[in-house]
Amino acid sequence: MDCLFCKIAAGEIPSAKVYEDEQVLAFKDIEPQAPFHVLIIPKEHIASAGEITPENSGIVAHIFEVAATLAKEHKLADGFRVVTNCGEQAGQTVQHLHFHMLAGRNLGWPPG
Ligand code: AMP
Ligand code: ZN
């Protein structure tokens, strides 16, 4: 399958890795929108948040555990945001589930 994030997960395309285990990979976003901007992805291909099922939803819990661990490691005590864009109107550009983790500035709400 021609999927950018599957290739990054497999190590076929390099990334600035910040965390890895058997199930997930976290790496720096190539176009950071905040001083801290990491993408957390499942290694398994899931196209988007719209494809979460009872069979694969455990990975989402694990991704949030990783986010909490990264927040502690990177001392993000002032706050952080975890967000996933699903579909065209939300601005999803890579069709492999990924959670943006952003921190290091006032992020504003609602998002644009
Ligand atoms: P989204 O627009 O929500 O689908 O997010 C896709 C994100 O992937 C964007 O923030 C891009 O900057 C980021 N991105 C695209 N290609 C790469 C890459 N090779 N390495 C790291 N981040 C990437
Ligand atoms: Zn993929």
Side-chain angles (χ1 to χ4, degrees):
M1 194 191 313
D2 195 26
C3 171
L4 174 63
F5 286 178
C6 279
K7 288 178 181 163
I8 287 179
E12 291 164 15
I13 291 176
S15 68
K17 202 184 295 182
V18 299
Y19 175 87
E20 183 172 19
D21 64 27
E22 281 183 7
Q23 294 172 282
V24 309
L25 178 69
F27 54 97
K28 290 184 185 173
D29 195 294
I30 206 164
E31 262 184 68
Q33 302 300 315
F36 182 95
H37 187 174
V38 161
L39 300 174
I40 311 174
I41 68 168
K43 289 186 171 177
E44 172 194 4
H45 182 84
I46 300 170
S48 75
E51 303 300 323
I52 298 297
T53 65
E55 287 70 39
N56 66 17
S57 63
I59 195 69
V60 179
H62 185 56
I63 282 170
F64 273 78
E65 289 171 23
V66 170
T69 301
L70 289 176
K72 290 187 183 80
E73 272 179 20
H74 294 268
K75 305 194 185 339
L76 307 180
D78 289 340
F80 63 91
R81 179 171 295 162
V82 178
V83 66
T84 186
N85 297 319
C86 178
E88 198 179 328
Q89 284 196 330
Q92 183 180 4
T93 59
V94 178
Q95 311 307 313
H96 179 126
L97 180 65
H98 53 283
F99 290 81
H100 297 259
M101 183 170 178
L102 300 138
R105 66 169 174 84
N106 282 317
L107 294 164
W109 191 263

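We're numbering straight along the sequence, starting at 1.
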Point to revise | Contact summary for Leu25 and Ser15, nearest pair of heavy atoms | key: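 Taking Leu25 first and Ser15 second, the nearest heavy atoms are CD2-OG, 4.4 Å.
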
**Study point:** Taking every non-hydrogen atom, the tightest pair across Val82 and Ala67
**Key:** CG2-CB, 4.1 Å

Review point. Just how far is it from atom NZ of Lys43 to atom SG of Cys6, taken to the nearest 0.5 Å?
Key: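 Reported to 0.5 Å precision, the distance equals 12.0 Å.
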
Point to revise | Interatomic spacing from CG in Asn56 to CD1 in Ile46 - rounded to 0.5 Å | key: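 The distance works out to 4.0 Å.
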
Kindly write out the residues that satisfy side-chain contact (heavy atoms from CB on, under 4.5 Å) with [X], not counting sequence neighbours, or none if the list is empty.
{"X": "Glu55", "value": "Thr53"}
{"X": "Ile13", "value": "Leu4, Lys7, Ile8"}
{"X": "Ala68", "value": "Lys72"}

Atom pairs and distances, donor-acceptor, side-chain atoms in residues 29-42, under 3.5 Å, two or more places apart:
| unit_1 | atom_1 | unit_2 | atom_2 | d |
| --- | --- | --- | --- | --- |
| Asp29 | OD1 | Glu31 | N | 2.8 |
| Asp29 | OD2 | His37 | NE2 | 3.3 |
| Gln33 | NE2 | Glu31 | O | 2.9 |
| His37 | ND1 | Gln33 | N | 2.9 |
| His37 | NE2 | His100 | ND1 | 2.9 |

Check your understanding: What pairs with Phe5 under ring pair (Phe, Tyr, Trp, His ring centres under 6.0 Å), at least two apart in sequence or on another chain?
Key ->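 Partners of Phe5 under the ring pair (Phe, Tyr, Trp, His ring centres under 6.0 Å) test: Phe27, His98.
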
Revision key, fill the gap. Residue set satisfying ring pair (Phe, Tyr, Trp, His ring centres under 6.0 Å) with Phe64, at least two apart, ordered chain then number -> Phe99

Check your understanding: Shared ILVMFWY cluster between Ile52 and Val66, side chains joined below 4.5 angstrom?
Key ->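 Shared cluster, yes.
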
Check your understanding: Is Ile59 linked to Met101 within one hydrophobic cluster, defined over Ile, Leu, Val, Met, Phe, Trp and Tyr using a side-chain heavy-atom separation of less than 4.5 Å?
Key ->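 Yes, same cluster.
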
Exercise for review: Show your working on side-chain contact (heavy atoms from CB on, under 4.5 Å) between Val18 and Glu73 and close with a plain yes or no.
Suggested key: CA-CA 10 Å; Val18 299; Glu73 272 179 20; over 6 Å; no

Point to revise | salt bridge (Lys or Arg N to Asp or Glu O under 4.0 Å) partners of Asp78, counting only residues at least two apart | key: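 Counting only residues at least two positions away or on another chain, Asp78 forms no salt bridge (Lys or Arg N to Asp or Glu O under 4.0 Å).
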
Point to revise | Partners meeting salt bridge (Lys or Arg N to Asp or Glu O under 4.0 Å) with Glu51 (sequence neighbours left out) | key: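 Glu51 satisfies salt bridge (Lys or Arg N to Asp or Glu O under 4.0 Å) with no residue once adjacent residues are dropped.
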
Review point. Hey, mind stepping through His74 and Phe80 against side-chain contact (heavy atoms from CB on, under 4.5 Å) and telling me if it holds?
Key: CA-CA 11 Å; His74 294 268; Phe80 63 91; over 6 Å; no

What residues form a side chain to side chain donor-acceptor pair (under 3.5 Å) with [X], not counting sequence neighbours?
{"X": "Asn85", "value": "none"}
{"X": "His45", "value": "His96"}
{"X": "Asp21", "value": "Tyr19, His62"}
{"X": "Lys17", "value": "Glu20"}

Exercise for review: Go through the steps for Leu70 and Leu76 under the test side-chain contact (heavy atoms from CB on, under 4.5 Å), then give the verdict.
Suggested key: CA-CA 8 Å; Leu70 289 176; Leu76 307 180; 5.9 Å; no

Exercise for review: Step through the shown structure and confirm whether more than 12 heavy atoms of other residues, nucleotides or ligands are within 6.0 Å of CD on Glu88.
Suggested key: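 No, not enclosed.
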
